[in-house]
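Here is the structure we will look at.
Quantities reported herein were computed from a predicted structural model and do not represent experimental measurements. Both backbone and side-chain heavy atoms feed into the values below; hydrogens, waters and symmetry mates do not.
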Amino acid sequence: SKMSGSERDAHYYESESGGSYSSPLHSPPRRVSESDGGHSSPSGERSVPIQKVRQIVATQGDVLPFTPDGIYALAKVSELFVEHLLNDTIDLHGMDEEIGYDQLAETIQNDEDLSFLHDFFPPRISFEEAQERADAKIHEEDES
C-alpha cells in the first residue's frame with residue numbers, strides 16, 4: 001500500500017529514533033547517503049543532518065533537554081542560518097568568487113546582526129602582523 005507523505009515521514013522517524021514517537025511536525029525525510037550524513041526529500045532536496053545535531057545535543061547532557069521535535073527544529077534553524085550566511089556572502093562577493101574563510105569572515109565582520117560571531121571569525125592576518133601586534137601589546141603593558 002502507498003503511504004502519504006506524513007505517514008512516510010512518521011515511519012522514517014520511528015525507525016530513525018528507535019521509538020514509536022509520532023511527530024506533529026514534518027519529520028526529516030529518508031536518508032539517502034550514509035557517507036555524507038545528509039538527508040534528502042523525495043524531490044531530491046537536501047535536508048537537515050538530524051543525526052549530527054542529535055549527537056551534538058547529547059554532548060550537552062541534561063543542560064539542554066530537547067524533545068525529538070526540538071532537535072529537528074534546531075537542525076532546521078541551523079540549516080537556514082548557514083543558508084542565509086552563504087547567501088549574504090554571495091551577495092557581497094558574487095557568484096564567480098570561491099567562498100572560503102576570508103569571504104565568510106568579511107561577511108560576518110560587516111554585519112552587526114552577526115556581532116556575536118565576530119570573535120570566532122576574525123579577519124585573517126599574516127604571522128608577521130600577529131607577531132608585531134603581540135610585541136606592541138607587550139610594549140604597551142610594560143609602559144603601564
Side-chain angles (χ1 to χ4, degrees), residues 1-138 140-141:
S1 80
K2 199 170 196 179
M3 286 192 251
S4 71
S6 61
E7 289 172 337
R8 184 174 46 248
D9 288 346
H11 179 267
Y12 169 80
Y13 193 79
E14 289 170 10
S15 65
E16 176 72 14
S17 66
S20 60
Y21 180 82
S22 179
S23 171
L25 295 178
H26 291 287
S27 298
R30 298 184 189 280
R31 182 179 304 268
V32 170
S33 169
E34 289 291 327
S35 63
D36 68 1
H39 293 81
S40 190
S41 68
S43 66
E45 179 183 317
R46 286 199 39 84
S47 187
V48 293
I50 197 82
Q51 192 60 31
K52 291 187 186 294
V53 173
R54 191 176 290 133
Q55 290 170 350
I56 292 168
V57 168
T59 66
Q60 301 302 308
D62 292 335
V63 176
L64 295 172
F66 278 91
T67 65
D69 285 339
I71 291 172
Y72 178 74
L74 180 62
K76 190 63 179 175
V77 167
S78 300
E79 178 183 18
L80 293 172
F81 174 75
V82 169
E83 183 179 322
H84 174 75
L85 180 59
L86 287 174
N87 285 333
D88 285 356
T89 302
I90 289 169
D91 289 345
L92 185 63
H93 294 281
M95 290 288 287
D96 297 334
E97 188 173 339
E98 185 175 302
I99 295 176
Y101 176 84
D102 293 328
Q103 291 74 26
L104 285 172
E106 183 179 349
T107 300
I108 290 167
Q109 294 299 321
N110 290 330
D111 189 338
E112 278 304 310
D113 290 338
L114 299 175
S115 62
F116 66 97
L117 291 175
H118 286 180
D119 291 341
F120 295 101
F121 291 90
R124 194 182 332 214
I125 60 173
S126 68
F127 177 77
E128 290 78 17
E129 187 176 347
Q131 192 68 40
E132 289 173 10
R133 287 182 185 184
D135 291 344
K137 187 174 181 177
I138 291 171
E140 271 181 27
E141 290 174 358

Greater than 12 external heavy atoms within 6.0 Å of Tyr101's OH: yes
Set of side-chain contact (heavy atoms from CB on, under 4.5 Å) partners for Glu83, sequence neighbours left out: Leu80, Asn87
side-chain contact (heavy atoms from CB on, under 4.5 Å) against Glu112, all qualifying residues, sequence neighbours excluded: Ser115, His118
Quick one: side chains of residues 90-98, donor-acceptor pairs under 3.5 Å with protein atoms, not counting sequence neighbours, listed by atom name and distance.
residue : atom : partner : partner atom : Å
His93   : NE2  : Glu106  : OE1          : 3.4
Glu97   : OE2  : Gln103  : NE2          : 2.9

Ile71 side, atom CD1; Lys52 side, atom NZ - distance, nearest 0.5 Å: 15.0 Å
Ile99 side, atom CD1; Thr107 side, atom OG1 - distance, nearest 0.5 Å: 8.0 Å
Considering all heavy atoms, the nearest Pro122-Gln109 contact: CA-NE2, 3.9 Å
Taking every non-hydrogen atom, the tightest pair across Tyr72 and Ile50: CA-CD1, 3.3 Å
Approximate separation, where rounding is to 0.5 Å, of Ile108 CD1 and Phe116 CZ: 8.0 Å
Interatomic spacing from CD1 in Ile56 to CD in Gln51 - rounded to 0.5 Å: 11.0 Å
Where at least one partner belongs to residues 119-138, residue pairs that pass salt bridge (charged side-chain N to carboxylate O under 4.0 Å, His left out), sequence neighbours excluded: Asp102-Arg124, Glu129-Arg133
